[in-house]
Amino acid sequence: MPTDESDLKIIFQKQTYWVIMNEPRKIILEENEIPRSWYNIQADMPNKPLPALHPGTKQPIGPEDLSVLFPMELIKQEVSQEPWIEIPEEVREVYKIWRPTPLFRALNLEKALDTPAKIYYKYEGVSPAGSHKPNTAVPQAYYNMKEGVKKIATETGAGQWGSALAFACEKFGIELEVYMVKVSYEQKPFRKLLMNTWGAEVFSSPSDRTESGRNILAENPNSPGSLGIAISEAVERAAISGGTKKYSLGSVLNHVLMHQTVIGLEAIKQMEKAGAFPDIVIAPLGGGSNFAGLSFPFLQQKIKNGKKIRCIAVEPASCPKLTKGEFRYDFGDTAGLTPLLPMYTLGHSFVPESIHAGGLRYHGASVLVSQLLKDGLVEASAIHQLECFKAGVLFTNTEGILPAPEATHGIAQVIREANKAKEEGKEKTILFNLCGHGYLDMSAYQDYYDGKLVDHELTHEELHSGLKVLETPTID
Ligand SMILES: *Cc1c(COP(=O)(O)O)cnc(C)c1O
């Protein structure tokens, strides 16, 4: 059992009954309330994001450079300054399978914490793949289909993105090849089987199918892989296909973050129905898409209407790009094949400990979230994994849903804020994104119960090894 067993026992004792309260627990919307447009925060940002640079020429990248990898519509969305972009009817039709998603009031968690704070959460785990990722996988597959693409190559870390895109490609008749980070490929066979069931081919990365993969294997045959390596492999496969195959990314890029805003747009309506507005919005951050998805529509109200609201992105202490990285141009992948992006990064050669929460093991943060952090419009927090799993177990015991290991980072921050509200005697309203369930991640919980997880404090050396080799200057 967990190392701090005594703490948990106290919690369990308090929670042997289901608290009955005269408050609604669940706020739901009708199908016709699925948003009709995505919100594009670029239109309202006080400082526009700096341009992506070509990896070879180091000049701002143009649409033509990206057209090997992405369909034109997504390239347009990437740089669009329009505040609203219409969601195609076909995409809304697929969204209807699981959207609108429910918003819950975490009454039992509030009770267990004995806090005056009101805690709400948006639950994205009701999607077919079990996370928020299908919100962008579906439009991405759709636009590829519209432009005649027959095949897509992508990477996946813990398997969440691969399964979301496998589901979406199946809907629009596109073949999919997935490069899955080796540690997850071995530790999480069920995600691979889910992708196979939706018709995708899955390869363990680094693989011998690409030059990037073969180079890594030559250096270290036992490489556990990383998201950065898997991206190199998928990008390479798409690039050498001569346009017959495209590439797709599940986070980081502007259009991906924009597709996720259906989460926050629905949440605003649901909070209105509950007669509440959040003081604090919290979500875990890997590349930044689920954080953006929930927070950007609220940030619009902060930027345009001066609403007071704190938006906090929570990252693992083992991969702390927002809190300990540097704001500079860096590659999105390990081999340096992608455009250079202006972002908070630990350096593209940074490989986090294998044991840590799969989906958050990425060296950089999205350009949009990075710029907003630099401008002080959002905040960041880094939390060690034992605190996160403890929060996840408490959440499961109070609210009933077992969160994805990534999602527990958000919950740990919620608990910190709820405890602070109690200390200060303030009735704060907190909203967080329960971005996925953890029912296919039970091996991570097993490691936690077996005491195999430790909090790894990054040394100065580890933190700077990836940054030292970056040739690009920091950006003021
Ligand atoms: C992929 C994933 C994340 C991290 O990715 P973001 O781009 O930051 O959203 C977090 N939680 C879950 C459940 C995921 O699948």
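Both counts, for ligands and for their atoms, begin at 1 and track the order of listing.
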> Considering residues, nucleotides and ligands other than Lys26, do more than 12 of their heavy atoms fall under 6.0 Å from its NZ?
Replying inline: no
>> Taking a cutoff of less than 4.0 Å between a non-hydrogen atom of the residue and any ligand atom, is Cys435 in contact with ligand 1?
In response: yes
> Can you tell me if Gln260 uses its side chain to pair, donor with acceptor, with the backbone of Leu294 under 3.5 Å?
Replying inline: no
> Mind checking whether His132 has a heavy atom under 4.0 Å from ligand 1?
Replying inline: yes
>> Please check whether Glu406 reaches ligand 1 - meaning an N/O of the residue sits under 3.5 Å from an N/O of the ligand, judged on distance alone.
In response: no
> By number and element, which atoms of ligand 1 are closer than 4.0 Å to a non-hydrogen atom of Ser251?
Replying inline: 6 (P), 7 (O)
> Got an N/O contact under 3.5 Å between Ala404 and ligand 1?
Replying inline: no
>> Apply side-chain hydrogen bond (donor to acceptor under 3.5 Å, both in side chains) to residues Gln77 and His259 and explain how you reach the verdict.
In response: CA-CA 10 Å; Gln77 291 182 4; His259 297 156; 2.9 Å; yes
> Would you find more than 12 non-hydrogen atoms of other residues, nucleotides or ligands less than 6.0 Å from Lys302 atom NZ?
Replying inline: yes
>> Please evaluate residues Glu379 and Arg310 with respect to the criterion salt bridge (Lys or Arg N to Asp or Glu O under 4.0 Å), reporting the C-alpha separation (whole Å), side-chain torsions for both, the decisive distance (0.1 Å), and the verdict.
In response: CA-CA 7 Å; Glu379 298 170 38; Arg310 293 173 61 206; 2.8 Å; yes
>> Please determine whether salt bridge (Lys or Arg N to Asp or Glu O under 4.0 Å) holds for the pair Glu124 and Arg99, giving the CA-CA distance in whole Å, both sets of side-chain angles, and the decisive distance to 0.1 Å.
In response: CA-CA 9 Å; Glu124 290 295 307; Arg99 305 210 70 85; 2.8 Å; yes
>> Closer than 4.0 Å to some heavy atom of Asn290 - which atoms of ligand 1 meet that?
In response: 6 (P), 8 (O), 9 (O), 10 (C)
>> Are any of the N/O atoms on Gly436, whether in the backbone or the side chain, positioned under 3.5 angstrom from an N/O atom of ligand 1?
In response: no
> Is it true that the side chains of Gln160 and His132 contain a donor and an acceptor less than 3.5 Å apart?
Replying inline: no
>> Under 3.5 Å between any N/O of Gly286 and any N/O of ligand 1: does that happen in this structure?
In response: yes
> If you measure from each non-hydrogen atom of Val252 to ligand 1, which part falls under 4.0 Å: side chain, backbone, both or neither?
Replying inline: neither
> Taking non-hydrogen atoms only, is Lys133 closer than 4.0 angstrom to ligand 1 via side chain, backbone, both or neither?
Replying inline: side chain
>> With a 6.0 Å cut-off on the ring centroids, do Phe389 and Tyr449 count as close?
In response: no
> Nearest heavy atom to atom 6 (P) of ligand 1: which of Pro405, Ala129, Ser289 does it belong to?
Replying inline: Ser289
>> Quick check on contacts: which atoms of ligand 1 are under 4.0 angstrom from a heavy atom of Leu285?
In response: 8 (O)
